[in-house]
Structures are given as structure tokens and as C-alpha cells.
Enquirer: 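Submitted below is the structure of interest, expressed as C-alpha cells.
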2 protein chains.
Amino acid sequence: MNMKRNVSSIASLISDPSRAAILLHLLDGRCHPAGNLAAAAGITPQTASFHLAKMAEIGTVTVEKHGRHRYYRIAQASDAEMIEQLLSFAGPAPVVSLRQSDQMKKLRHARMCYDHLAGEAAVRITESLLRAGHLQKDGLQLHVTVSGETFFADFGLDLPQLRKKRRAFSRCCLDWTEREHHLAGALGQGLTERMFAMDWFHREEQSRAVRITQEGKQGITERFGIQLD
Amino acid sequence: MNMKRNVSSIASLISDPSRAAILLHLLDGRCHPAGNLAAAAGITPQTASFHLAKMAEIGTVTVEKHGRHRYYRIAQASDAEMIEQLLSFAGPAPVVSLRQSDQMKKLRHARMCYDHLAGEAAVRITESLLRAGHLQKDGLQLHVTVSGETFFADFGLDLPQLRKKRRAFSRCCLDWTEREHHLAGALGQGLTERMFAMDWFHREEQSRAVRITQEGKQGITERFGIQLD
DNA sequence: TTCACATTTCGATGATAATGGAAACGTCTA
DNA sequence: TAGACGTTTCCATTATCATCGAAATGTGAA
């Protein structure tokens, strides 16, 4: 069996605390300049650069040069989801300070999982879509039903376009705080993007946490028939 | 956030190829003597002993002394399932030799995932239980319905006894070859045990693979209404 | 041009940890 | 009681790798 090699090489990516910190920080799906990541991991810029170069070589992250900054992001959604899965085994972080606990509450409530929404909000929305019969669970796939086609089109999503993307169209992603599934894949990404475009959510600075706006709460209730908060 | 620490310490368990090989070998749920594990990992007994001692200290594996042998096994089902999950990201192993490919086919078909059945057989059986309405999916939980209570009792399982165990009763476990869920938890373990007791399956030596007997094929068709092979 | 700033490259250092040889320990068998 | 065997402990070796200081590169601003 040579999958041993794969498993251990994947694991060694995260086994180093500095790399883990960097990846955890990148899990918000945004691009981050190298210095930012160094600060987040509590290491010098050189060390961060070393790790980032290594990860870029393997293909875990990609770089984009803008001016004198280099912006890094996680290359593949599937890698981000793997890290999320690992988090679900690490278990809910033991609360150390009130500040952390507060941050934790926010993360549980709504956060980005790379390119799509996660947390309680995402799980409840996904549940609602299943209940309404717009989505249908089939193993780890989430099929869009006929009524779903209409629903998402009404919502402003271009499904044919999303299907064309070279990635899974609609699938489950394990939510480590809720221990339930939420919608991921191109559809999850598209839905999230649309909701942000409608100003339903705002990103917090330097965090994966997402705040739901007043319009958001109203819109979610209207469209999905659920009450958040 | 101090879950960083957790994540990386979990990952470092598997990041070493030797430990990964040992754990992969232990994933069959059986007890293995130290020498056996050393051979499986391709390292000397001393080195294996070193790693096993380390993992025992953390609580990942437990020891049992029998005569001059020391038998090791994975301590918690949840740890075994985490490794299974990691495997699903490592992806199907690239086929190197015909021998491996053959072994791989067997693993895909039916294997042990620590203490319960996995592979195509397990996924199909789980599907059948859901379709028949004996189980009901609720997030990652698999609830036993009223008809399910009867079904499992008929099958010879003592559900109240299984519920008493200090572990999850009935839950989903991600199958890395099928990329679907199969039944795990105390119920999954109990069901598997019962099927082995009825001689439906035989273990292969030195492998996680499981062979379905003639009685097994017949019984599975009768009880679950599915045809395997 | 010159300076400031973000980032990388180079090089040296230090720590960590996997590894196997030698030997000890305990248990089984003859 | 002696010897074989499975396993562990002790120990020295070795390789790997994260880390950071110093210097180089490249970009933007003045």
C-alpha cells in the first residue's frame, strides 16, 4: 500500500504548529499577505515565507503578486474541507479566556469555510433546503431537485454556469461546530457569494467569523423560513 | 485559539510513516503483537516498541499482556474513524502491482473499520436499512425507528444493552472507498459482531479485508433485500 | 534617485526525533 | 535449569527541519 505515503505527507502538512496556524488562518478563504500570516502564526516573516514556499511547491497554497505584497490562499476547496474535518476531531476548543469564548460563539454562529458559509446559519439553511425539497441527499451528494432548479434560479444563481466549473457541484461538508452537514461545492460557493452580494452578511476583519445583517435576517426568514438568532 | 495545538498533535501522530503504517495495520480492529506491527511497518522491533510506547502514553493505543507477547490495539473507535477520514482525502491508492490491485478490490468490497463493517457491503446494507425505514438519518446520527427496534431485535441484537455502552450508539462513518456513509457506533459494532457470529463473514489473515461466505450472501439477500457480488 | 517597506534567499544554528545495535527482562519450552 | 523467543530499555548516531539573523530583491513613495 502506498497510500501510507499520502496519508503521512498530508498529515505532516499540519503537524507543524506554525503551518497549522497559517492554514487555519487561511481557512477564511481570503487572500492574505505573507506578513499577515507570519503575525498570525507568531513567527518571523522569513520562517513564514519558508513554510509558504514549501506549501506552494506541493500545491496546497497559491500566490498572487500585487505590488510589493504577495497574497496567499488555499489552492483547492477540498484541502480546506480536509482541514475542517480535522478540526472536528480536535474537538471544541477548551475555553481559556472570555474573549476567546466570545470569538468562539461567533464562529459557531456563522463563519466562512473557505469559499462557502459554515456554522449554525449554514447548517440551518441547508436543512431548510432539504426540508423544502429543493435539495435531496444522496450519500455525500446533494442533488438539486426540479423545484430546486427554480428556487436557485429565482435566487439569482446561474446553475448551468456553476455546473461547468471544474469542481464538485453540490456536496456535503462536515461542520465541525455543529457536527452536521452543510452545503458545499460550487453551489455552496455560489449561494454564499450571492448572499454576500445582497448584503446579507458582513465579514469580520482578520477572522473567519461572519456577521448577519438586518437585511440578512429578514431575507433568510423570507426565503428559507427560518429564524436566526 | 488553542485548538491549533490539538490539530497539529493529532496530525503528528500520523505524519510519521512508521506510525502511519502501524496505525493503518491496527485499523482492522484486531489486537496485534508488537513484532507483527514492526514487520508490517518495515522497521525493527525496537523502533516499533518506541512508537507504540509513545502512542500508548497519549492513549491512542492500549496494551494487553498475554504470555511473552504484548498485544496492541487502537483504544478508541473515534480515533480509528478519524484515520479512516484521513484516508478518504489521501484518495484511492494508485495501483502499483496486480497483487495490490487485487488486495484493493477486496478492501473496497468488504473490510473492517476498527470494530464495524466497511466497504461496499457496509454501505449497501446501511442504504437498505434506511430505505426500509429501520434507520433514519438525522445529521450524523442514525436513529433507530420503531420498525427498526423490531428488526434489530429479530436479528438477535440487544439494543438496550448496546445503548448502555459509553460510546455513540448509532452514527454515520464516512467510507473512504465508497465515499458514502455506513453505520458505525455501538449499533454498527453489534450488527457486525452478530453477522460474524452467524458465519456470514470471515476475516482474512493479516488484513482488514473481509470475505463474504455463501451463507452470508444468502442471509444478506434475505434480510436486507440486496445482492452482493 | 533615494528611502521605506514587504518579501525572499542564504546560511548557520539548534532542537527534535527516528533509527537500530547491544543488552536486559520476562516468559515459554525442553 | 538452560536456552529460545518476544519485547523493551538504554544509548549513540544521524538526519531532518524549524528557526532566525543578515543580506538581497523588488516595489512603491517622496
Side-chain angles (χ1 to χ4, degrees), chain A residues 4-5 7-26 30-75 205-206, chain B residues 4-5 7-26 30-75 205-206:
Chain A
K4 281 181 233 165
R5 290 195 73 120
V7 183
S8 45
S9 63
I10 286 178
S12 66
L13 246 186
I14 327 176
S15 62
D16 176 67
S18 300
R19 272 196 300 267
I22 290 177
L23 285 171
L24 241 48
H25 203 72
L26 284 173
R30 281 189 276 216
C31 293
H32 290 271
N36 186 344
L37 294 169
I43 49 181
T44 59
Q46 313 113 29
T47 309
S49 178
F50 163 78
H51 287 300
L52 288 166
K54 203 139 233 172
M55 292 194 280
E57 198 181 339
I58 311 177
T60 312
V61 300
T62 52
V63 212
E64 231 170 281
K65 291 177 63 173
H66 276 129
R68 54 183 162 184
H69 296 268
R70 301 217 183 166
Y71 292 92
Y72 286 90
R73 62 180 181 79
I74 295 179
E205 284 307 314
Q206 299 292 342
Chain B
K4 281 180 233 167
R5 289 195 72 122
V7 183
S8 45
S9 63
I10 285 178
S12 65
L13 246 185
I14 328 177
S15 62
D16 175 66
S18 300
R19 271 196 301 266
I22 290 176
L23 285 170
L24 242 49
H25 204 72
L26 283 173
R30 280 189 277 216
C31 292
H32 290 271
N36 187 343
L37 294 169
I43 49 181
T44 59
Q46 314 112 29
T47 309
S49 179
F50 164 77
H51 286 300
L52 288 166
K54 203 138 232 171
M55 291 194 280
E57 198 181 339
I58 311 176
T60 311
V61 300
T62 52
V63 211
E64 230 171 280
K65 291 177 65 174
H66 275 129
R68 54 183 161 186
H69 296 268
R70 301 215 183 167
Y71 291 92
Y72 287 90
R73 61 182 181 79
I74 294 179
E205 284 307 314
Q206 301 290 341

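Labels below follow one simple rule: chain letters A, B, ... track the order of the sequence lines, proteins then strands, and each chain is numbered from 1.
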Enquirer: Test side-chain contact (heavy atoms from CB on, under 4.5 Å) on A:Ile22 and A:Met55; report intermediate values, then the result.
Expert: CA-CA 11 Å; A:Ile22 290 177; A:Met55 292 194 280; 3.9 Å; yes
Enquirer: Applying side chain to side chain contact (heavy atoms under 4.5 Å, CB included), can you list everything that pairs with B:Gln206, at least two apart in sequence or on another chain?
Expert: B:His25, B:Asn36
Enquirer: Working to the nearest 0.5 angstrom, can you tell me the gap between A:Leu37 CG and A:Thr47 OG1?
Expert: 13.0 Å
Enquirer: Look up atom CG in B:Leu26 and atom CZ in B:Arg73, then write down how far apart they are to the nearest 0.5 Å.
Expert: 10.5 Å
Enquirer: Look up atom CG in B:Leu13 and atom CD1 in B:Ile58, then write down how far apart they are to the nearest 0.5 Å.
Expert: 5.0 Å
Enquirer: Kindly give the atom pairs (protein nitrogen or oxygen, nucleotide nitrogen or oxygen) under 3.5 Å for nucleotides 21-25 of chain C.
Expert:
| from | atom 1 | to | atom 2 | distance (Å) |
| --- | --- | --- | --- | --- |
| C:dG21 | N7 | B:Gln46 | OE1 | 3.0 |

Enquirer: Considering only residues two or more places apart or on different chains, which pairs with a residue in residues 54-74 of chain B satisfy ring-ring contact (aromatic ring centres under 6.0 Å, His included)?
Expert: B:His66-B:Tyr71, B:His69-B:Tyr71
Enquirer: Identify, with sequence neighbours excluded, every residue that meets side-chain hydrogen bond (donor to acceptor under 3.5 Å, both in side chains) alongside A:Thr62.
Expert: none
Enquirer: Regarding B:Ser12 and B:Ser15, is there a side-chain donor-to-acceptor distance under 3.5 Å anywhere?
Expert: no
Enquirer: Restricting to non-hydrogen atoms, name the atom on B:Val63 and the atom on B:Ala56 that form the minimum distance, rounded to 0.1 Å.
Expert: CG2-CB, 4.5 Å
Enquirer: Going by salt bridge (charged side-chain N to carboxylate O under 4.0 Å, His left out), name the pairs with one or both residues in residues 33-42 of chain A, residues two or more places apart or in two chains.
Expert: none
Enquirer: Quick check on contacts: within residues 47-62 of chain A, what sits under 4.0 Å from DNA chain D by heavy-atom distance?
Expert: A:Thr47, A:Phe50, A:His51
Enquirer: For DNA chain C, just give me the dot-bracket, please: Watson-Crick or G-U, both distances below 3.5 Å, ( ) intra-strand, [ ] crossing earlier pairs, | paired with another strand, . unpaired.
Expert: ||||||||||||||||||||||||||||||
Enquirer: For A:Asp16, give me all partners under side chain to side chain contact (heavy atoms under 4.5 Å, CB included), at least two apart in sequence or on another chain.
Expert: A:Ser18, A:Arg19, A:His51
Enquirer: Starting at the 5' end of DNA chain D and moving along, which residue's nearest nucleotide shows up first, A:His66 or A:Gly42?
Expert: A:Gly42
Enquirer: Could you work out, with salt bridge (charged side-chain N to carboxylate O under 4.0 Å, His left out) as the rule, every residue matching B:Arg30, not counting sequence neighbours?
Expert: B:Asp28
Enquirer: Below 4.5 Å, heavy atoms only, C-beta onward: do A:Lys54 and A:Phe50 meet side chain to side chain?
Expert: yes
Enquirer: Under 4.0 angstrom, heavy atoms only, what part of the nucleic acid is B:Tyr72 near: base, sugar-phosphate, or nothing?
Expert: sugar-phosphate
Enquirer: For chain B and DNA chain D, what are the first and last nucleotides along the strand, 5' to 3', with at least one atom under 4.0 angstrom from a heavy atom of the protein chain?
Expert: D:dA4 to D:dT9
Enquirer: Between A:Arg19 and B:Pro33, which residue's closest nucleotide on DNA chain D lies nearer the 5′ terminus?
Expert: B:Pro33
